[in-house]
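Structure, as structure tokens:
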Amino acid sequence: MTPDKFIATWQNNPLTERAGAQAHFDDLCDLLGVEKPRDPENYCFERGAKKAGGGDGWADVWKRGCFGWENKKPGRDLDSALKQLTDYSLHLDNPPLLVVSDRERIIIHTAFTGYPDQPKKILIEDLKEESVREMLRWVFEDPGKLRPEKSTAAITGEAAGQFADLAKAMRGRGIDGQQTAHFLVQCLFCMFAEDEGLLPGQVFTNILENAASDPAKASGRIEKLFSAMADPGGEYGDHDIPWFNGGLFAMIAIPTLASGDIKALRSAAQMDWLAIDPTIFGTLFERSLDPAARAPLGAHYTDTATIRKLITPLITEPLLAQWEQAGKIIATGAGKGPKTKARKDGDAAWQEFTAKLQSFRVLDPACGSGNFLYLALEALRDVERRVFREANELAGHQQGLWLLTGPHNILGIEINEYAAELARTTVWIGDIQWRRRNGRPINNRPILSPLDGIEHRDALLTEDGQEAEWPNADVIVGNPPFLGDKMMRKELGDLYVETLRKRYEGRVPGGADLVTYWFEKARAQIEAGMASAAGLVATNSIRQKRNRVVLERILASTRIFEAWSDEEWVNEGAAVRVSLVCFGQGDKTRLDGKDVAVIHADLTGSGQEGQALDLTQAEPLAANKSRSFFGLCLAGPFKVDTPTALTWLQDTGNPNGRPNSDVVRPIYNGSDITRRWAGNWVVDFSALEQNEAADYLVPFAYVEEMVKPVRISNNRPARAKKWWHHGEKRPGMRIALSDLTHFIATPETAKHRFFVKFAVQVAPEHSLIVIPRQDDTTLGILSSRIHCIWSLAKGGRMGMGNDPRYNASLTFETFPFPSGFDLAEIEPPQIQVFQDIAAAANDLNDWREKWLNPDGWLTWEITPEEQAAGFPPRPIPTPDHATEWKKRTLTNLYNLMPSGLKLRQEHLDNTVAAAYGWDDYTPAMPDATLLKRLLSLNLERARH
């Protein structure tokens with residue numbers, strides 16, 4: 001078919017919608033030279049979308065992975081056709097294109113996830129153009145070519161970047177930061193309102209263009225426009241201005257503008273503001289407008305799928321579960337007489353559910369710039385849309401023009417004034433976008449609903465230091481601030497922190513992270529009947545001992561029904577690891593997306609079958625107490641490099657006649673074990689008094705110059721007073737090591753759990769856990785799978801790398817060693833089973849050392865002074881092997897897990913299992929079985 005014949009056939013064609021739809025589409029396929037819809041599973045006419053009432057809805061044409069297509073009679077409303085496709089897009093497998101047509105117009109809407117809708121309108125006469133026909137072929141054969149060039153995230157980021165530059169320039173001229181931010185938020189909303197068609201005649205952009213050379217005139221006109229937007233009967237020039245209200249234009253204070261500001265605003269106004277993404281809008285604009293924001297503008301932000309891991313179980317699932325029950329009652333009464341009991345019950349169920357939906361309240365008590373609030377509102381709106389569609393199918397219930405859900409459903413508390421204002425703007429923009437996307441009319445009296453429920457205040461304390469109150473809500477959701485003990489004092493001040501801890505004493509442990517206070521308050525709201533459930537984000541350290549108390553209190557008064565124990569997150573632009581925790585009333589119990597019987601306070605779970613395994617029940621064992629230690633906490637620049645240290649070791653000029661090796665020695669931290677030693681040495685005056693330390697002339701002079709200025713300003717008086725000492729001298733560790741030649745150590749945080757031996761002359765830094773044992777039996781037990789799975793289960797994870805963390809108190813002190821093994825004895829019992837462990841550990845360690853440092857790849861250097869002090873020799877790779885040798889690290893070895901290491905590890909595991917008397921042990925034995933046995937041993941010994 002030629003374009004002319006197609007146009008002649010279908011222009012002003014009198015056929016009805018039903019009679020003409022399929023014939024028109026077949027002719028279009030002939031025109032384009034594409035296949036016709038003849039495959040019911042992938043490409044067909046009248047694709048069914050199952051309805052709640054048992055009937056079918058239809059997309060007139062559907063092609064999997066390409067489009068849904070809805071036809072109307074010429075001249076009909078294509079917006080309603082788009083709404084129909086949108087309603088059923090989920091059932092159509094979310095096609096990337098939604099196409100509506102009245103035979104003389106074809107409008108292609110892009111529906112790619114994360115990209116804006118950029119409609120393309122084709123009139124029937126346009127089909128004469130080959131370029132137009134080629135674009136239509138893409139709809140059928142290559143829809144990806146119609147994906148917008150920029151994602152909504154990219155467009156939002158660019159807009160935020162332009163506003164960041166403008167805000168910086170205005171603040172640089174001395175304009176108040178809050179005034180600047182408030183004005184720019186008003187401007188950006190005007191740009192959005194213009195592109196949405198809410199502001200007539202491009203009035204804001206015209207001001208910027210017509211008064212570009214006169215900033216004072218532009219300021220005056222902008223002020224008049226803002227005033228008109230706040231007025232129910234506002235006018236600007238020849239234009240009637242809709243009433244926006246909502247609080248955004250309640251305060252108008254135009255700053256003194258420069259010509260560069262007008263130019264920058266004109267440039268920003270040319271952007272596609274319809275494509276702004278409300279899920280990240282507030283976050284990015286807060287960074288651009290707030291001079292105190294630390295996160296870089298271009299940094300990552302948390303994806304909405306992660307946030308919905310809280311929103312869905314808190315809002316969507318419980319409401320839809322309630323609707324399912326209500327729907328059954330409504331369906332029973334459908335078609336019955338209005339006075340029958342079934343009909344009355346159905347009508348009552350409908351009224352009860354819609355009232356519940358309308359009054360549902362979501363509180364975010366740390367709402368930031370509003371992304372959680374917007375997603376909560378979106379979830380409520382999506383539930384409402386689905387419910388009304390299904391209620392219409394069940395019993396003919398029609399939805400009026402105005403929605404039940406809206407900004408009145410959400411409440412927020414935010415201490416940052418910039419963020420609070422942006423939260424309101426995020427919700428307003430997102431609300432308007434949702435309405436447009438789903439074919440719902442925009443509010444007009446006023447356009448912006450008041451958002452007084454988003455409060456600018458402290459969520460934890462009142463101004464006079466009392467506990468702050470939270471409003472009643474159905475659910476609480478949010479991402480409270482992540483601040484540890486030390487950062488709390490730095491960011492909030494000592495007075496605030498002390499007041500906070502005093503006010504919540506007995507409920508939140510001292511030294512706990514700031515985020516835990518939100519967990520406790522949410523728990524208290526649920527206990528008091530002021531909320532039914534809560535879902536909050538915390539750093540994954542909430543599972544560990546100090547912070548876990550708040551989760552234990554939650555379990556004492558309610559339950560955790562959904563948790564994601566370890567997820568990627570973004571906090572102020574930095575990648576972190578977090579736990580997502582939902583608690584209170586919940587129908588299901590899921591951990592990391594899987595059904596479990598119970599979720600424990602350390603965010604581990606037990607399966608539906610068998611007895612619950614709660615490792616938080618494990619208790620510290622007296623036999624293990626004070627048998628493991630953190631390494632040295634320096635709290636100052638006590639380290640020097642190898643050349644400096646070797647020079648000092650050769651110095652014999654100390655007035656006390658002692659060598660500097662008394663106070664200078666090699667130091668290892670966690671990365672020195674997992675990778676290679678960095679060549680650092682440490683000045684360590686241990687417990688020497690100042691006059692004694694000063695007799696080591698050069699090292700003391702170095703500490704006096706480099707460390708003293710840092711320490712005398714320290715907020716810990718003891719550290720300031722003893723500035724030449726390390727922050728934590730670890731006297732218990734030093735005593736425990738005093739009679740040994742070697743000790744065992746493991747990195748506190750590492751991808752793999754391995755243990756190594758060091759000469760006692762080597763200093764362990766804080767990131768190492770030190771076990772003051774020198775025998776290979778201990779090394780073997782600790783290195784075994786049996787101990788390592790216990791350490792993984794009990795120690796948790798930390799850091800962006802999600803690496804396992806070895807916790808001295810939770811991991812080592814609770815671990816039940818094999819019967820007959822006594823940590824109080826310097827050497828293990830001389831019985832065969834422990835000798836077998838020692839032999840296996842020695843074999844594994846020797847093989848490991850040979851892999852790390854192959855013969856012929858390096859030389860070992862040691863000066864007479866090092867040798868005299870008992871320091872280990874230093875490896876120096878040969879030039880031919882230097883590059884390859886650097887790759888021979890313990891981390892890389894355990895990543896590779898070559899057969900030689902694997903076989904030796906399995907042999908070691910077997911010998912350790914034999915020491916426990918577990919004759920049935922095999923490498924295939926599930927971790928859960930081993931953990932259950934270890935927990936049983938722990939509890940038995942704790943009781944005795």
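Because the structure is a prediction, the values reported are computed rather than measured.
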For [X], look at atom [atom1] and say whether over 12 heavy atoms of other residues, nucleotides or ligands are found less than 6.0 Å away.
X: Q466; atom1: CD; result: yes
X: E209; atom1: CD; result: yes
X: R105; atom1: CZ; result: yes
X: K217; atom1: NZ; result: no

Once salt bridge (charged side-chain N to carboxylate O under 4.0 Å, His left out) is applied, do any residues pair with R308, and if so which ones, sequence neighbours excluded?
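Only E378 meet the salt bridge (charged side-chain N to carboxylate O under 4.0 Å, His left out) criterion with R308.
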
Could you tell me how the ring of Y115 sits relative to the ring of F112: parallel (under 30°), tilted (30 to 60°) or perpendicular (over 60°)?
perpendicular

For the residue pair W323 and W350, does the interplanar ring angle fall in the parallel (under 30°), tilted (30 to 60°) or perpendicular (over 60°) class?
perpendicular

Side-chain contact test, heavy atoms from C-beta onward, threshold under 4.5 Å: evaluate it for [X] versus [Y] and give yes or no.
X: I276; Y: L188; result: no
X: P365; Y: K521; result: no
X: I429; Y: W273; result: no

Can you check salt bridge (charged side-chain N to carboxylate O under 4.0 Å, His left out) on K121 and D126, steps first, answer last?
CA-CA 10 Å; K121 182 177 180 181; D126 298 336; over 6 Å; no

Check R440, R381, R436 against D431 for a side chain to side chain donor-acceptor pair (under 3.5 Å) and give me the one that passes.
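Of the listed options, the one satisfying the test is R381.
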
